[in-house]
Amino acid sequence: MPQSRPPLTIYLAAPRGFCAGVDRAIQIVELALAKYGAPVYVRHEIVHNRFVVDSLRAKGAVFVEELDDIPDTDQPVIFSAHGVAKSVPAAARHRRMFVLDATCPLVSKVHIEAARHHEEGLEILLIGHAGHPEVIGTMGQLPEGAVTLVETAEDAERIEPRDPKKLSFVTQTTLSVDDTASIVAVLRRRFPDIVGPHKEDICYATTNRQAAVKAIAPKIGCLLVVGSPQSSNSLRLVEVAQRAGCATARLIDGAGDIPWGEIENIESVGITAGASAPETLVEQVIEAFRERFDVKLETVTTAQERIAFNVPRELRPTPSSAA
Ligand code: SF4
């Protein structure tokens, strides 16, 4: 007789997983491979997900950290979704590289904002995490010293601008909405003339995924976030769940990382995925639960997303190829 499996409710957060910027970046690599053949060089992980990077590598993408790691070539060189400092396209031009830029348009928007503040003579504060490629890219839009990084509310309390009346701020796109609101509140209190976006530059996908986690956190004993450890927006989902009262929240790369020991005696589990994690990994996680539990699946939808970004012109179908 088959053993009866214990009941478990899985609350599936929606939206979760791929955002429009990640979808576009992956499409750019795949279309470039289809059009120009392998190898296609990609500077930095195209998006922060091990599964995505490994599958593109298997199709012929070659991932490098710096342009210096790429031999002289006519093959495409792709910049990752996180964006790059101005020095990177300049170096690529110098080497006459054929560049396809997969920078998310929402990151490019922050670059443009920062450049505009700089042209207007404002000192710029960037709210973000030191060392993240997006932060390196945004700071690298302007000359050294033009942008100061603010990581915490304590940093915001301490910062001494050159002229408090000539100050602006921009933010990384994948931050915690709540943490960033506290930092912005400190800056607006200390520097009432500071110029910045209405709230911050956190993108729609980061905001929506955090809101969905907040909606399921009170119902669950454990949240699993499918995503890789380098993924900023995935790490923030773990923190959001913990702060919303979820006793256990874990980042997992896939079904193989499910912390079964922590799930014993739990009646409900939440599942979400960071913006760079493919849905197939979520499906595998659910399948692994079905093998051990009698699963009832409930999707909790807090927003509908219909955003899509165009790929670069070189990769769009020409009228003849589309026919
Ligand atoms: Fe763009 Fe946001 Fe996705 Fe980053 S998380 S690629 S900013 S849509």
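These numbers come from the heavy atoms of this one structure, side chains and all, not from hydrogens, waters or symmetry mates. Whatever order the structure lists them in is the order used to number ligands and atoms, beginning at 1. Remember, predicted model here, so these are calculated numbers, not experimental data.
- Backbone or side-chain N, O or S atoms of Cys19 do not reach atom 2 (Fe) of ligand 1 at under 2.8 Å.
- Side chain to side chain, Ser228 and Asp253 meet the donor-acceptor criterion of an N or O pair below 3.5 Å.
- The distance from the CG atom of Asn233 to the OG atom of Ser176 is 12.0 Å, given to the nearest 0.5 Å.
- With 3.5 Å as the limit, one finds a donor-acceptor pair spanning the side chains of Glu305 and Asn208.
- For atom 2 (Fe) of ligand 1, the closest heavy atom belonging to the protein is Cys203 SG, 2.3 Å.
- At least one N/O/S atom of Cys104, from backbone or side chain, sits under 2.8 Å from atom 1 (Fe) of ligand 1.
- Closest protein heavy atom to atom 7 (S) of ligand 1: Thr173 OG1, 3.3 Å.
- With 3.5 Å as the limit, one finds a donor-acceptor pair spanning the side chains of Thr174 and Ser232.
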